[in-house]
S.K.: 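Let me begin by handing over the structure; questions about it come next.
Quantities reported herein were computed from a predicted structural model and do not represent experimental measurements. The analysis underlying the following values was restricted to heavy atoms, covering all of them including side chains, and did not include hydrogens, waters or symmetry mates.
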Amino acid sequence: MNLAIDTGSITSETPEPPVTGIETNRRMQVISLLIILAAVIPLVIFPEQGKTIITSIFEWMTSTFDFAFLGLGLVSLVFMLSLACSRHGNIKLSADKNATAEFSKGAWGAMVFLAGIASGLVLWGGTEWGYHFAWTPFGLDAQTKEMYTVAQAYGIFHWGPTAWAIYAVPTIAMSYIYYVRQKHIYEISESCRGAMGNLVDGPLGTVINYLFVFGVLGAAATSLGLGTPMISGALAELLGVAGGLHMDLMAILVCTAIFTFSSGLGLSKGIKRLSTFSTFVTLAIVAYIFVVGPTKFIISLGMDSVGYALDNYIRMSTWTDSVNQSGFPQAWTVFYWAWWVAYAPFMGMFVTRISRGRTIREVIFGMLGYGSLGCALFYIVLGGYGINLQITETLAVSELVNTQGVAPAIIEIFKTLPASGLVLLAVVISGIVLLATTFDSAAYVMACASTRKLEEGQEPERSNRLFWCFAIAIVPVILLILGGLKTMQTASVIVGLPVLLILAMMMITTIKYLNEDNA
């Protein structure tokens, strides 16, 4: 799958129909804000108690339902690959069977990839191996030479095909209903109708739709929590000042200004251009590290790690460590799968909006291809460079990761590069724009969800998009200032448990509708 961006088309390839008769669902806006406040206020008033309760629930969820999350991940991957290779893979997602894709492959791939990874991939791509090097899977000895390969392989696995297959499940379910069945509403509950029947029209359907709201808020909070320390840390190094809350807020304000402006422009002129720019800047950083770093070592270790991941893919996908109970799969793989599951409806709705004119096969292979190969590239290059620093004793990366955290560690990694000042500047620009891209996508999706009906190619009202820009940005900022952001991130992952059942209902609905319509 080619990650190159097609810059020959700045606007969408097909003209968008005039925006007429679009009605914003004010009731959903109000109720969503109330849900957000209901989640945030207790964390503000009782931060320690809230943290204790939510952490306990999270640990109970990952230890009790580890088999369910691992099972759903594997089933999602098998289901998506089977569907793509079946005769149903040729179905075009449009009422017009001769319609061309709305966006070029490069522009579509950039939007899909960046909406799904935010700035977290830069951060974790260079540092996740440091945790696994010290805390190992399968009872392997820690801090051995073998663990360099295993540790990097696990990161590639966690951001690989299973994660993107989980994202693809709601994408295909919603896209088929919207474009083929011509049900022009963006509601998560609608994609469960085939399995749940008219229950989706009652209170249960309402709960499903508002779980989605909480998931989007969690996605924003997590992206902010992961990306801001890295951005502000790099900025502090450049300016020669101490980092801290004021630097975090400066980074957030710049990010908010960018994504609010972009959201006001709309999908083609805003999110598409922002995604393309983000991709170029971020890939430039990766390419620079690849060239000036130990290139041969990066390639060789990358091949070793990919080989290990492929060799042990089934074992990694099903390992619960039920006998030794080390807690490794629950703390890492189950956590990641819960993370992907919680944000899957958001990704599904966004990718649905940008996939008009593509076939089911193109969407599935595109998501799995752009997503998995793009993430593997970051892990191989950034992780390989960091591991080489550890091996040559240039920088004790694993110790930094485990004692100070991933954000300080990645900054120290970048500081070892030639022309490190320019690299840190690029990291600041890339981080801010990546964060803005994710927030922009989230605001756009929420605006779609709070519009009563959107025809193919139509966009939500600008006022609706800007409303969600404010709503999505302000809550994480408040939590950042008051210290409850990390608790909110954990709470959002807990949403993965009920969403697990929703994804199962989506797969059943997809099978039922495909068989009914294409007997």
Side-chain angles (χ1 to χ4, degrees), residues 28 31-32 35-36 38-39 54 57-77 79-80 115-116 118 158 162-175 177 186-196 199-200 202-223 330 333-352 367 371 438 441-442 445-446 448-449 472 488-511:
M28 183 172 187
I31 294 177
S32 297
I35 290 173
I36 291 169
I54 289 174
I57 294 173
F58 172 76
E59 291 174 351
W60 168 80
M61 181 188 81
T62 54
S63 61
T64 305
F65 296 97
D66 50 3
F67 70 94
F69 282 104
L70 295 175
L72 180 102
L74 197 56
V75 167
S76 297
L77 181 59
F79 178 63
M80 286 294 106
H158 286 150
T162 301
W164 291 92
I166 290 170
Y167 281 165
V169 168
T171 300
I172 297 304
M174 297 178 68
S175 297
I177 292 168
Y186 284 97
E187 289 183 351
I188 300 299
S189 60
E190 189 61 36
S191 55
C192 301
R193 185 179 293 276
M196 299 173 61
L199 287 174
V200 300
L204 187 56
T206 302
V207 170
I208 290 172
N209 291 330
Y210 286 110
L211 276 173
F212 161 73
V213 174
F214 194 81
V216 172
L217 178 66
T222 300
S223 297
Q330 289 76 20
T333 306
V334 177
F335 164 76
Y336 264 120
W337 278 201
W339 189 1
W340 304 135
V341 167
Y343 305 152
F346 152 63
M347 274 297 290
M349 189 174 291
F350 180 71
V351 180
T352 290
M367 292 184 75
T438 299
S441 304
V445 162
M446 287 306 306
C448 289
I472 288 175
M488 186 65 193
Q489 294 169 24
T490 306
S492 68
V493 174
I494 294 172
V495 174
L497 186 57
V499 176
L500 193 78
L501 298 175
I502 293 172
L503 293 191
M505 296 300 103
M506 287 179 174
M507 284 189 273
I508 294 171
T509 297
T510 300
I511 294 170

S.K.: Could you give the distance from CG (L199) to OG (S189), rounded to the nearest 0.5 Å?
M.R.: 11.0 Å

S.K.: Can you name the nearest heavy-atom pair linking M506 to C192, along with the distance?
M.R.: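 Heavy atoms only, the tightest pair is CG-SG, 4.2 Å.
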
S.K.: Flag the pair F346 / M446 as yes when at least one side-chain heavy-atom distance between them is below 4.5 Å, and no otherwise.
M.R.: no

S.K.: In terms of the angle between their ring planes, are W339 and Y343 parallel, tilted or perpendicular, with boundaries placed at 30° and 60°?
M.R.: perpendicular

S.K.: Where do I188 and M174 land on the side-chain contact (heavy atoms from CB on, under 4.5 Å) test, with the steps shown first?
M.R.: CA-CA 8 Å; I188 300 299; M174 297 178 68; 3.8 Å; yes

S.K.: Quick check: closest heavy atoms across L72 and A504, and the distance to 0.1 Å?
M.R.: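 Heavy atoms of L72 and A504 come nearest at CD1-N, 4.4 Å.
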
S.K.: How far does CZ of F79 sit from CG of L503, to the nearest 0.5 angstrom?
M.R.: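 Reported value, rounded in 0.5 Å steps: 11.0 Å.
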
S.K.: Measuring from M367:CE to M80:CE, what's the distance to the nearest 0.5 Å?
M.R.: 9.5 Å

S.K.: Just by distance, do the side chain of W337 and the backbone of A68 share a donor-acceptor pair under 3.5 Å?
M.R.: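 Between the backbone of A68 and the side chain of W337 there is no qualifying donor-acceptor contact (under 3.5 Å).
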
S.K.: Between the main-chain N or O of E59 and the side-chain N or O of T62, is there a donor-acceptor pair closer than 3.5 Å?
M.R.: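 Checked: pair present.
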
S.K.: Would you indicate whether the side-chain heavy atoms of V351 and Y167 approach each other to under 4.5 Å?
M.R.: no

S.K.: Kindly indicate, with the supporting measurements, whether the criterion side-chain contact (heavy atoms from CB on, under 4.5 Å) is fulfilled by L500 and F65.
M.R.: CA-CA 10 Å; L500 193 78; F65 296 97; 5.6 Å; no

S.K.: Which heavy atom of A344 sits nearest to which heavy atom of P170, and what is that distance?
M.R.: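 Closest approach of A344 to P170: O-CG, 3.2 Å.
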
S.K.: What's the separation between atom CD1 in I166 and atom CG in L77, rounded to the nearest 0.5 Å?
M.R.: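 Result: 9.0 Å between the selected atoms.
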
S.K.: Rounded to the nearest 0.5 Å, what's the gap from OG1 on T64 to CD on Q330? Could you check?
M.R.: 10.0 Å

S.K.: Could you report the tightest heavy-atom contact between S191 and I177, atom names first, then the distance?
M.R.: CA-CD1, 3.3 Å

S.K.: Report yes if some heavy atom in the side chain of P345 is under 4.5 Å from a heavy atom in the side chain of I502; otherwise report no.
M.R.: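 No, their side chains stay 4.5 Å or more apart.
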
S.K.: Check step by step if side-chain contact (heavy atoms from CB on, under 4.5 Å) holds for F58 and F335.
M.R.: CA-CA 9 Å; F58 172 76; F335 164 76; 3.4 Å; yes

S.K.: Determine whether T171 and F350 make a side-chain contact, defined as any pair of heavy atoms from C-beta on separated by less than 4.5 Å.
M.R.: no

S.K.: Using a 4.5 Å cut-off on heavy atoms from C-beta on, say whether the side chain of Y186 contacts that of V445.
M.R.: no

S.K.: Ignoring hydrogens, what is the shortest heavy-atom contact between A195 and I508? Give both atom names and the distance.
M.R.: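 Closest approach of A195 to I508: CB-CG2, 3.7 Å.
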
S.K.: For the side chain of T162 and the backbone of L74, is there at least one donor-acceptor N/O pair under 3.5 Å apart?
M.R.: no

S.K.: Test side-chain contact (heavy atoms from CB on, under 4.5 Å) on M196 and I208; report intermediate values, then the result.
M.R.: CA-CA 12 Å; M196 299 173 61; I208 290 172; 4.0 Å; yes

S.K.: Quick one: does M61's side chain get under 4.5 Å of F69's, heavy atoms only?
M.R.: yes

S.K.: Considering non-hydrogen atoms only, spot the tightest contact between V493 and A338 and give its length.
M.R.: CG1-CB, 3.6 Å

